[in-house]
There are 2 protein chains.
Amino acid sequence: MNGRYPIALHILTLLSKTELELMSSEYIAGSININPALARKEISNLRNHGFIESKEGKGGGYSLAKPAKQITLADIYRAVKEPHVLGLAKNSPNPDCPVGKQINKNIEELYEELDHAFLLKLETKTLEDFTNQFD
Amino acid sequence: MNGRYPIALHILTLLSKTELELMSSEYIAGSININPALARKEISNLRNHGFIESKEGKGGGYSLAKPAKQITLADIYRAVKEPHVLGLAKNSPNPDCPVGKQINKNIEELYEELDHAFLLKLETKTLEDFTNQFD
DNA sequence: TTTACTGTAATATTTATTATTACAGATGAA
DNA sequence: TTCATCTGTAATAATAAATATTACAGTAAA
């Protein structure tokens, strides 16, 4: 997996911690130490998932769209997730091999189960729980 | 994450399924549909972790080093794993930001807990369980 | 001593991720 | 109205990671 999950978590933590009305993408990007355009891209995704509200124009910026207590870490995961927690090989296994011809189905089933267990754990934690760990 | 986990699982499934004494890297690579050198590289890693035995020279090849029942999917995960199930950002967050200066510690703690829960689930499944799903 | 394997390194290629640049559109304020 | 400041998004470039390829030394059986 790539760095999208920690970045999303960072963004949402910032928004849940600020007393300011709106926070700019420049400040957010500066805190994470990434490019503002990249920050806006991830923010845009999080906004589409209903976590963030934005206001355009001068004095615009971002804020949480709902209380941190109502956002679980599983919700955030689903907003940025890869197809599966464990990686997928992009090869097409050999259909003439007894193992090759069945392995994709069996891996798929295993992964479904693992993803489910993983989300169950993430479900128990809210953004508020996470941000409460900060001073 | 990348395709190493499914590849490792594929290799070990093949070895647990074959009645042949030794299986060649060429056959293994052919079943997965990857390059033999890449297969040998992952095999080499799995051998270092005690899952596979190899024999060099003419008529050489690979076999399981211990019964599939004694290998859990968690063992395999640990042999190929990334630092964490969820991705890490490689950026250094801004130390002048109250959130930025603490987030790495808090993410690290979260990830430890998630990895632990994830491994607990993988621990319940053996390679034998997985290979039993094949005809 | 030839043949068929593994072991491993070096290199090339491809793909994925991240960064950069650019600019249209929105909004508030002078 | 017009300027300044912000978001939204696309296009492109740069970098990094994953994978493929090639090569060949070492080993062991026939």
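In this text, all values refer to a predicted model and were calculated from it rather than measured experimentally.
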- Message: Taking the basic N atoms (NZ, or NE/NH1/NH2) and the acidic carboxylate oxygens, is any pair closer than 4.0 Å for R78(B) and E123(B)?
- Response: yes
- Mind running a 4.0 Å heavy-atom check of residues 41-54 of chain A against DNA chain C and sending the residues that fall below it, in number order? none
- Identify the heavy atoms of P95(A) and K101(A) that sit nearest to each other, and give their distance. O-CB, 3.5 Å
- Note on the structure: ring pair (Phe, Tyr, Trp, His ring centres under 6.0 Å) filter on Y62(B), not counting sequence neighbours, yields none
- Sugar-phosphate only, base, or nothing, as touched by I34(B) at under 4.0 Å among non-hydrogen atoms: sugar-phosphate
- Task: Sugar-phosphate atoms are those with a prime plus P, OP1 and OP2; base atoms are the rest. Using that split, label each nucleotide of nucleotides 25-30 of chain D B, S or - for protein heavy atoms under 4.0 Å, 5' to 3'.
- Result: -BBBBS
- Write down the distance between CG (L38(B)) and P (dT13(C)), rounded to a whole number of angstrom. 17 Å
- Query: Taking the side chain of R40(B) as heavy atoms from C-beta outward, which of dT7(D), dA19(C), dT8(C) is closest to it?
  - Reply: dT8(C)
- Is there a side-chain contact between F130(A) and K125(A) (heavy atoms, below 4.5 Å)? no
- Return the minimal non-hydrogen interatomic distance between T18(B) and L15(B), and the atom names on each side. CG2-O, 3.5 Å
- Message: Heavy-atom nearest nucleotide on DNA chain C for P36(A) versus E26(B): which residue maps closer to 5'?
- Response: E26(B)
- Task: With the side chain counted from C-beta on, respond yes when I43(A) and S54(A) share a heavy-atom pair under 4.5 Å apart, and no when they do not.
- Result: no
- State, yes or no, whether a side-chain contact exists between R4(B) and N45(B) at a heavy-atom distance under 4.5 Å. yes
- At what distance, to the nearest 0.5 angstrom, does NZ of K105(A) lie from CZ of F134(B)? 8.0 Å
- Task: Can you tell me the distance, in whole Å, between the CG atom of N35(B) and the P atom of dA18(D)?
- Result: 17 Å
- Note on the structure: Walking DNA chain C from its 5' end, the first of A37(A) and M23(B) to be reached, judged by nearest nucleotide, is M23(B)
- If we only count heavy atoms from C-beta on, is the I103(B) to S31(A) side-chain gap below 4.5 Å? no
- Does Y62(A) have a side-chain nitrogen or oxygen under 4.0 Å from the phosphate oxygens OP1 or OP2 of dG8(D)? yes
- Give the rounded distance in Å between these two atoms: CD1 of I11(A) and C1' of dT7(D). 14 Å
